[in-house]
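Bear in mind the structure is a predicted one, so any value in this text is a computation, not a measurement. Reckoned from all heavy atoms, side chains included, excluding hydrogens, waters and symmetry mates.
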Amino acid sequence: GAEGSTLTSYFSNNQIQALKPKITFSTLRDLQCPVLQSNELQGKPEESCSTEELFEWLGAVLSQVCLNNKSSSFLSTYCCPQPSTMVEKAFLCTITGFIIPEKIIQLLEQLCCYFGEPKLAYWLTLTVHGFADSPVSWRESEHGFHKGGENLYNFVIFRNLDYWLQMAVGTNDDCPP
């Protein structure tokens, strides 16, 4: 109606334009990956890694940290948690921009369909990072973006369609219900 045309003219008069999300694909070769068991959240020595170990490892992979645990001119090293397995190829798709919740649900459903045919992967992940100054809040608390702005969640989906949901919020934020 009339409001729509007013809104459209406001955006065009102020040189505001819609931007599409940026999508990048990459292939990670010879990636050391943690061994996970869907029913073992705490992990088991010599059998599987815990949710915390996976979350830390995933952060390192997404940040493109070198995972070979070889020291050089820096103070710390990092390696894949044990037990682990070498994966010849892993695919990483990154979408940067504002993505509505319905699209995230659609991505999650498509990822679940991945296991519809026999695949070699035992698990896959979908990580969603909110903007640091996002107006996200849980319960009655204001989002504490001025302290760090952490707000993300990660789905780990297993071949049997069991899943883990990991969430991280800032120190001033309440945990989601």
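Taking all atoms of both residues into account, the shortest heavy-atom contact from Q166 to F55 is OE1-CD1, 3.5 Å. Of all the heavy atoms in P81 and S84, the pair that sits closest is O-CB, 3.4 Å.
Under a hydrophobic-cluster definition in which Ile, Leu, Val, Met, Phe, Trp and Tyr are linked whenever side-chain heavy atoms come within less than 4.5 Å, directly or via other members, F98 and I105 are assigned to different clusters. L31 and F91 end up in different hydrophobic clusters when Ile, Leu, Val, Met, Phe, Trp and Tyr side chains are linked at under 4.5 Å. Hydrophobic clustering (ILVMFWY, side-chain heavy atoms < 4.5 Å, transitive): V87 and V156 are in distinct clusters.
Side-chain contact between T24 and C93: absent, with no pair of heavy atoms (C-beta onward) separated by less than 4.5 Å. Side-chain contact between F158 and L36 is present, with at least one heavy-atom pair separated by less than 4.5 Å. Counting only heavy atoms from C-beta outward, the side chains of L107 and Q110 never approach each other to under 4.5 Å.
The list of salt bridge (charged side-chain N to carboxylate O under 4.0 Å, His left out) pairs with a residue in residues 17-34, not counting sequence neighbours, is empty. Among pairs with a residue in residues 83-99, none fulfils salt bridge (charged side-chain N to carboxylate O under 4.0 Å, His left out), at least two apart in sequence or across chains.
A side-chain donor-acceptor contact under 3.5 Å links W57 to the backbone of Q32. The closest donor-acceptor contact from the side chain of E53 to the backbone of S50 lies under 3.5 Å.
The side-chain hydrogen bond (donor to acceptor under 3.5 Å, both in side chains) check on T85 picks up nothing, with sequence neighbours excluded. With sequence neighbours excluded, the residues forming a salt bridge (charged side-chain N to carboxylate O under 4.0 Å, His left out) with E117 are K119, listed by chain and number. Every residue meeting the salt bridge (charged side-chain N to carboxylate O under 4.0 Å, His left out) condition with K44, not counting sequence neighbours, appears here in chain and number order: E40. Remark: Y163 pairs with F155 by the ring-ring contact (aromatic ring centres under 6.0 Å, His included) rule, at least two apart or across chains. Under the ring-ring contact (aromatic ring centres under 6.0 Å, His included) criterion, F115 pairs with no residue at all, not counting sequence neighbours. Take I104 and apply the side chain to side chain contact (heavy atoms under 4.5 Å, CB included) test, not counting sequence neighbours, and it matches I99, L126, V128, Y153. Residues satisfying the side chain to side chain contact (heavy atoms under 4.5 Å, CB included) test with P83, not counting sequence neighbours, are V35, C49. Listed by chain and number, the residues in a side-chain hydrogen bond (donor to acceptor under 3.5 Å, both in side chains) with Q37 amount to none (sequence neighbours excluded). Under the side-chain hydrogen bond (donor to acceptor under 3.5 Å, both in side chains) criterion, D162 pairs with S38, N160, not counting sequence neighbours. Remark: E52 engages no residue in a salt bridge (charged side-chain N to carboxylate O under 4.0 Å, His left out) (not counting sequence neighbours).
Summarising the geometry, atom OG1 belonging to T96 is positioned 9.5 Å from atom CD1 belonging to I23; distances are rounded to the nearest 0.5 Å. Rounding to the nearest 0.5 Å gives a distance of 11.0 Å between CG of L165 and OG1 of T51. Here the straight-line distance linking atom CD1 of I157 with atom CD of E109 works out to 10.5 Å at 0.5 Å rounding. Taking CD from Q82 and OG from S48, the interatomic distance works out to 12.5 Å, rounded to the nearest 0.5 Å. To the nearest 0.5 angstrom, W123 atom CH2 is 5.0 Å from L54 atom CG.
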